[in-house]
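Inspection log for the structure reproduced underneath, given as structure tokens.
Numbers restart at 1 for each chain; the letters A, B, ... are given by sequence-line order, proteins then strands.
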Amino acid sequence: MNLTLHVWRQAGPRAPGKMVVYKAGDISPDMSFLEMLDVVNEGLTLRGEVPIAFDHDCREGICGMCSLMINGIAHGPMKGTATCQLHMRSFKDGDTIYIEPWRAGAFPVIKDLAVDRSALDRIIQAGGFITAATGGAQDANAVLVPKESVDGAMDAAACIGCGACVAACPNASASLFTAAKITHLGLLPQGQPERYRRALEMVDQMDLENFGSCTLHGECQEACPKEISIDTITRMNRDFIRGRLIGTRP
Amino acid sequence: MTVQLEAHIPSGPLAQKWGKHRFEMKLVSPANKRKHTIIVVGSGLAGGAAAATMSELGYNVKCFCFQDSPRRAHSIAAQGGINAAKNYQNDGDSIYRLFYDTLKGGDFRSREANVYRLAELSGNIIDQCVAQGVPFAREYGGLLSNRSFGGAQVSRTFYARGQTGQQLLLGAYQALERQIARGGVTMYPRTEMLDLVVIDGKARGIVVRDLVTGAIESHAGEAVVLATGGYANVFHLSTNAQGSNATAIWRAYKRGAAFANPCFTQIHPTCIPVSGEYQSKLTLMSESLRNDGRVWVSKEPGDKRDPRQIPENERDYYLERKYPSFGNLAPRDIASRAAKEVCDEGRGVGESGLGVYLDFADTIKRLGRDVIKERYGNLFEMYERITDEDPYEVPMRIYPAAHYTMGGLWVDYNLMSNVDGLHVTGEANFSDHGANRLGASALMQGLADGYFIIPNTIGHYLVSNKLEKVDASHAAFKAAEAEVAERTNRFLSIKGKRTVASFHRELGKIMWHYCGMSRNDAGLRTALKKIPELREEFWRDVNVPGSDVELNQALEKAGRVADFLELGELICLDALHRTESCGGHFREESQTADGEALRDDENFAYVAAWQYAGEGRSPVLNKEPLVFENVKLSQRSYK
């Protein structure tokens, strides 16, 4: 396959960026999207140019490090798939592909396609946990957890923290990310003591980080590589309102 | 000059060693804990759990990772599960059985006391993780569910769909983030350790590079914990993440820490086969698939028929045939070698002939598509995305790939290396898996080390040693910083004709070919000739673009590959010296009549701990004898 790439190049956080055109020749349809970029980077290196910086690590769709806007779609055209698991067979010979970083005020660009997503870590810091210091936990089977609860929790816990939901949202809201964690922990009996406090503090932190508000566009759920449902946002809103109006005592 | 390797294994009966040791270790008073700074490098299960727990205890912790967030450490990719001797299934499991299975699975090349402690702590891990909200699979009645796994005949594996590692890591990560918010842990993401600083024989800190700005900085502390994972990327193509590297442990080795059993590397039997030269990684298909999938190839070499057209009596279910009692659940090393064998006979499948079928047709017929989807849905989807084939309809094609490294820095029972104050946890150390790791044991070890062992043993070290006040302005830090800067500049100034990736690929081919699933004297000697030549070419002709004051991924990779080019040689040297076969280390010269690994307990029942002897000199081999007081060494049999 032969492709034309328009890639966002930006030397550093404060440098101006622009789209630059590259030719990608001799691309196999069995390559992953990132392997295609590896090939382009090898070529740039040998020509004495600076290769394109992009975040990636596990390349099996679980670490959440990869983060590309491909033809305006977070993680590209294949539903339920992170960029690293997207293969070139999803494109046609001769295609033009636009590759940009996640765009959000809360995700400043570090270089080219790599952005700073530490705001998501700070949302977890605010309350995305169950307080359970090591030691002293009771036997794991002491509390029965209905299969339905744990399955629902697992659906939400599958979030890989990539930030595609933010990139896809017209408001750059982190609601799906935040709601997924609130849902995961809130569906389990272990998560009840901190349930409402958790919702209040995580939502407050999300606002402090300059993420936008949710207006239920639903773009996040479309972009999510783990197909997490916006039903989780309903749950977040309910826990938040309950916590604000009635108090954080369960 | 050899180092003294004293394992500090407590005396007394096996089952009482850890309890006794915990009592005998000295404690740090609560008021003094915050005066101690502990440096933790790596934020996966072993590092993240250790950093969070030590902060909960009151220590001042600094934690480093090269990824943009501690949540991305490669522990996240573990799929199948975590073992624990809970005996919830009433199928005869016990701490002793888990201990025995793990020791035998490792082909009797690990320490009894360490492995027993691991089995003993396994139940606490599950309790702790459930308390944190890890959504392990459950039965309708609300009790935890278990599955079986390779190398065991009981169901003791706990799992969270095919994402167990992710859920365990998120549990540790959330505990860690809670401590970061509390101020007990300072987190340094996008920061890579490039050297260890040893002052007066004690590890006192590290030199790091800020991967965003390129700044080289030092961090001093009273103890250093390396939890930096394994080195399977020395094979280039492996199931590890792109960034997984050996630099931290290799730098520590060059500062005096002994490197134990480097040749004990694990080739995982169920990975998606290689499809082309451009390939950057191999994707694992969880071993749990072998619970319900049947492995086979055609009886005829060169059979190019559609697998669905090959009648039952023309198929060879070779694992079931050769290992009737374990069948498709034979341990990883054995299943990998069996796959290589049938491919060497020309019976491999797929375009390259390097693959075997993993077939779910029988199970789908027996249990229905929905049950299989519930158990393995995400793995089947992943397979289809990568290969464009639907495993519900066509058998999967799998082939072994480098996956895990049992070898690592030598540690004693307290998880401390031979360099005082330098502790090593998780995959980065060598201690618990011997010559082969059983499935679902890596998560167990990472968390046992991180939650329960190191937080106890580190206090004992801090109280037992007089530690002078040292900060990052000490001359030893300045000297190490200068060395790191000099090395960085050297990479950038070569401006040769070959990319870093091309060297990595070439090294990987040498390692896979001569030091992969089976090894022999001539091949290892060839590798020992080729690797130094490649290394020499690297330092003469590598091209590292960009500068050192920015995010420069090529520069990061250059440092890692340069270290792999040295480590690869040590692996081959170790493999050459160990003329026996054991676990994942198969020497063709040492096999039984039917082609199984043949150990030589008389001459090789020891840990080979290699010590750096200086540039251009052969490393020194130290031996720690393995003493077995409780189990009888036997020829491993899974027939």
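Per-residue heavy-atom pair counts under 4.5 Å with chain A were compared for B/I386, B/N543, B/L551, and the maximum is reached by B/I386. When each of A/G48, A/S32, A/A114, A/G135 is scored by its heavy-atom pairs under 4.5 Å with chain B, the top score falls to A/G135. Listed options B/T53, B/T283, B/L143, B/I126 were ranked by heavy-atom pairs under 4.5 angstrom with chain A; first place goes to B/L143. Note: B/D388 leads B/L176, B/V500, B/V134, B/D388 in heavy-atom pairs under 4.5 Å with chain A. The choice from A/T134, A/L144, A/I130 that makes the most heavy-atom pairs within less than 4.5 Å of chain B is A/T134. Looking only at heavy-atom pairs under 4.5 Å with chain A, the residue among B/N240, B/L169, B/L284, B/I180 that has the most is B/I180. Of the listed residues (A/S118, A/A157, A/A153), the one with the most heavy-atom contacts under 4.5 Å to chain B is A/A157. Among the candidates B/P189, B/G276, B/P135, the residue making the largest number of heavy-atom pairs closer than 4.5 Å to chain A is B/P135. For the options B/L57, B/V544, B/I76, heavy-atom pairs under 4.5 Å to chain A are most numerous at B/I76. Options A/T81, A/L185, A/L188 differ in how many heavy-atom pairs under 4.5 Å they form with chain B, and the most are formed by A/T81.
The minimum heavy-atom distance linking A/D121 with B/P70 is given by the pair OD2-CD, 4.2 Å. The heavy-atom pair separating A/A140 from B/V130 by the smallest distance is CB-CG2, 3.8 Å. When all heavy atoms of A/N141 and B/L144 are compared, the closest pair comes out as OD1-N, 2.9 Å. The two residues A/A132 and B/A131 make their nearest non-hydrogen contact at CB-O, 3.9 Å. Taking each heavy atom of A/T131 and B/R178 in turn, the nearest pair found is CG2-NH2, 3.2 Å. Listed here is the closest heavy atom pair of B/K86 and A/D139: NZ-OD1, 3.0 Å.
Here the side chain of B/Q166 pairs a donor or acceptor atom with the backbone of A/C159 at under 3.5 angstrom. Listed for the B/R72 side chain is no donor-acceptor partner under 3.5 Å among the backbone atoms of A/I62. The backbone N or O of A/F54 sits less than 3.5 Å from a side-chain atom of B/Q553, completing a donor-acceptor pair.
Side-chain contact between A/L46 and B/K497 is absent, with no heavy-atom pair separated by less than 4.5 Å. Inter-residue side-chain proximity for B/P545 and A/P51 is flagged as met; some heavy-atom pair is nearer than 4.5 Å. With a 4.5 Å cut-off on side-chain heavy atoms, B/Q167 and A/H184 count as touching. The shortest distance between side-chain heavy atoms of A/E60 and B/H74 falls below 4.5 Å. Contact annotation: the side chain of A/V150 never approaches that of B/F136 to less than 4.5 Å [non-hydrogen atoms, C-beta and beyond]. At a threshold of 4.5 Å between non-hydrogen side-chain atoms, the residues A/M65 and B/Q67 count as touching. Looking at heavy atoms from C-beta onward, A/K181 lies in side-chain contact with B/Q174 at the 4.5 angstrom threshold.
With a threshold of 4.5 angstrom between heavy atoms, A/S90 does not approach chain B through any atom at all. Using a 4.5 Å cut-off between heavy atoms, A/A158 contacts chain B through both its backbone and its side chain. Neither the backbone nor the side chain of B/N378 comes within less than 4.5 Å of any heavy atom in chain A. In this structure, the portion of B/L170 lying under 4.5 Å from any heavy atom of chain A is its side chain and not its backbone. Proximity to chain A (any heavy atom under 4.5 Å) is shown, for B/E277, by neither the backbone nor the side chain. Contacts between A/I27 and chain B at a heavy-atom distance below 4.5 Å are absent for every atom of the residue. For a residue to count as touching a neighbouring chain, one of its non-hydrogen atoms must lie under 4.5 Å from one of that chain's; by this rule B/E374 touches chain A with the side chain only. Residue contact with chain B, scored on non-hydrogen atoms closer than 4.5 Å, involves the side chain of A/E148 exclusively. For chain B, the nearby parts of A/Q125 are the backbone and the side chain; heavy atoms of each come within less than 4.5 Å. Of the atoms belonging to B/S55, not a single heavy atom falls under 4.5 Å from chain A. In this structure, chain A has a heavy atom under 4.5 Å from the backbone of B/T387, while its side chain stays farther away. Heavy atoms closer than 4.5 Å to chain B are found in the side chain of A/M78, but not in its backbone. Contacts of B/Q128 with chain A are made by both backbone and side-chain atoms, with heavy-atom separations under 4.5 Å. For A/L187, no part lies near chain B; criterion is any non-hydrogen pair under 4.5 Å. With a threshold of 4.5 angstrom between heavy atoms, B/N124 does not approach chain A through any atom at all.
Judged by distance alone, the side chains of A/D26 and B/Y278 never bring a donor and an acceptor atom under 3.5 Å apart. No side-chain N or O of B/S275 forms a donor-acceptor pair with one of A/D30 less than 3.5 Å apart. A/R59 and B/S280 share a donor-acceptor pair across their side chains, judged by distance under 3.5 Å alone.
Salt bridge absent: B/E550 and A/R14 never bring a charged side-chain N and a carboxylate O closer than 4.0 Å. A salt bridge links B/D68 and A/R117; the closest N-O separation between the charged side-chain nitrogens and carboxylate oxygens is under 4.0 Å. Salt-bridge check for B/R190 with A/D55: passed, with a basic side-chain N closer than 4.0 Å to an acidic carboxylate O. Between B/E139 and A/K147, none of the side-chain N atoms (NZ, or NE/NH1/NH2) sits under 4.0 Å from a carboxylate O, so this pair counts as no salt bridge. Taking a cutoff of 4.0 Å between a charged side-chain nitrogen and a carboxylate oxygen, A/D151 and B/R138 do not qualify as a salt bridge. A salt bridge is absent between B/R498 and A/E42: the closest approach of a Lys/Arg side-chain nitrogen to an acidic carboxylate oxygen does not fall below 4.0 angstrom.
When the heavy atoms of residues 192-201 of chain A are compared with those of chain B, none of the residues falls under 4.5 Å.
One finds the CD atom of B/Q279 at 5.5 Å from the CD atom of A/E35 (value rounded to the nearest 0.5 Å). In this structure, B/Q242 CD and A/D57 CG are separated by 7.5 Å, a value rounded to the nearest 0.5 Å. To the nearest 0.5 angstrom, A/L120 atom CG is 10.5 Å from B/E177 atom CD.
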